[in-house]
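Working notes for the structure below.
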There are 4 protein chains.
Amino acid sequence: MNKIRLVAVVGGAECSEQEAVWAEEVGRLLAELGYGVVCGGRGGVMAAACRGAANAGGLTVGILPGDNPDEANEWVQVAIATGLGEARNAIVARAGVGVIAVGGEYGTLSEIALALKWGKRVAGLGSWPLPDVFAAESPAEAVRYVLSGVDL
Amino acid sequence: MNKIRLVAVVGGAECSEQEAVWAEEVGRLLAELGYGVVCGGRGGVMAAACRGAANAGGLTVGILPGDNPDEANEWVQVAIATGLGEARNAIVARAGVGVIAVGGEYGTLSEIALALKWGKRVAGLGSWPLPDVFAAESPAEAVRYVLSGVDL
Amino acid sequence: MNKIRLVAVVGGAECSEQEAVWAEEVGRLLAELGYGVVCGGRGGVMAAACRGAANAGGLTVGILPGDNPDEANEWVQVAIATGLGEARNAIVARAGVGVIAVGGEYGTLSEIALALKWGKRVAGLGSWPLPDVFAAESPAEAVRYVLSGVDL
Amino acid sequence: MNKIRLVAVVGGAECSEQEAVWAEEVGRLLAELGYGVVCGGRGGVMAAACRGAANAGGLTVGILPGDNPDEANEWVQVAIATGLGEARNAIVARAGVGVIAVGGEYGTLSEIALALKWGKRVAGLGSWPLPDVFAAESPAEAVRYVLSGVDL
């Protein structure tokens, strides 16, 4: 039975074109390496990461703030409607073996902070410049950094 | 892109042989019909339902109370470690289009109650005899009842 | 420093006159005995229990489903707006040393079930007839039952 | 009936002497102005803020990560044991009309981030240097800043 390891991809529900390109590439790379993407299930960075992963045959999981699974973006395959509001950010941060942050504002920062508190690796692409966030120069570098901390 | 609809299967982390047989059959039927199983990710009924689903090629999702995805039973493919304790029961009940309860004690009852509050169909196999829980006589009947309430 | 022990009072956001009378009396008795009332913070049974407690000089805590503390009924002194939706029921059930259920439907049942799972005493006044729920004949009996299980 | 408005005081479960002095003074000032303190209920900054508030006759509320109210520091009067782990940070951040952060590491940062996302005022004393966090030079300044954003 294959347990599918997940990497959290976090970022804004609206994002720039550059961020969407990065997120989609992150999703694609994770899928090609056999990892699933877990995210907040909405638009922007989340949708781009899911699109990249799903188009490459990967699994996509969306942990939604609301109570309706239909709020998920169209590339989410497994939609978990939590009804918890932004408290669901804690679940997204927990659910990944590591976190890749693409841009993002305060919601994203809350996810980064919790992941770091829990000792997870966090890579950022144009994201918050925290000391413990690895500032990646490309999606490939972000993926490499996060996965190098995973026990196989 | 295939969105995978989930049905929640709930019941005790320890269970009787009869309950395990029922749960495994429920999981198998759901998988054959193209539905995923979402559950609390632990042993007993949850493990049996996941085993049935996974062996039939279905997707299995475990919403765990603790913070370690390795606490999931071996047939869970997507383990979401919430760290929420039993408050995660609310997420399990929300995540399914309906709920099938196999036996179960008070944790299971909390999931049934929330699902009914949210207007979801709940079928029981040897479970709590509530007025709005359909007392199914077989796994097939439980699955039929729950899915007959789903908009396609 | 006085730590204030809380008893959870649970029941419908709409209720009958009889239920309101019972809940108000429960709140009053708890306050007179030095206990605070914790509840879901809304109307019906919750408002009546808070009214009874507050009018007798007791402390009232409302654990709200939404994100706005102004949604609390007017007798809630400490409003905790969780934003968790009905997942907040788990917090209400946890927060009391025991639970008194007055009437109530499925939301109430989820709180009773979790409290019983956690080994707390639950008394009911016209509430769910579960084997481990003490069917009290009066508010005083309900209060006595729940508090007799509390270590002083 | 007096509804008690709460201000969240956040910071490390261990802290420096300077941070403890600041937090205690923040608690005292809030109490004198008629506000309650809501916090994570543990030691360090949380304990110091509660001590300051309680000694000045104020109300103190602790939203605990675990399931045992006895884990609260001794100056918490109302202990809400959530069992939610660090997901309870979201409730702390929501429960205040504003947030005062004293020092703090990643858990604190997650609370600051959520509070800012929700449009609340956040003042910091030796805390995270974010653009939207007001860097206060004294407890009085922190309290003034946060309360100046509250509708009376």
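Note that the coordinates shown come from a computational prediction; the quantities given were computed from them, not determined experimentally. To find a chain, count down the sequence lines: A is the first, B the second, and so on, and within it residues start at 1.
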message: Does the structure place the NZ or CZ of Arg121(D) under 6.0 Å from the centre of the six-membered ring of Tyr145(D), at an angle of no more than 45° from the ring's axis?
response: yes
query: Ignoring hydrogens and geometry, is there a side-chain-to-backbone donor-acceptor pair from Arg88(B) to Ile63(B) under 3.5 Å?
result: yes
query: Ignoring hydrogens and geometry, is there a side-chain-to-backbone donor-acceptor pair from Asn73(B) to Gly43(B) under 3.5 Å?
result: no
query: Is Arg28(D) salt-bridged to Glu24(D), cutoff N-O under 4.0 Å?
result: no
message: Can you list the residues of residues 89-110 of chain B that sit under 4.5 Å from chain D, counting heavy atoms only?
response: none
- request: Determine whether Val122(B) and Asp132(B) make a side-chain contact, defined as any pair of heavy atoms from C-beta on separated by less than 4.5 Å.
  value: no
task: Would you check if the side chain of Glu19(B) reaches a backbone N or O of Cys15(B) as a donor-acceptor pair within less than 3.5 Å?
output: no
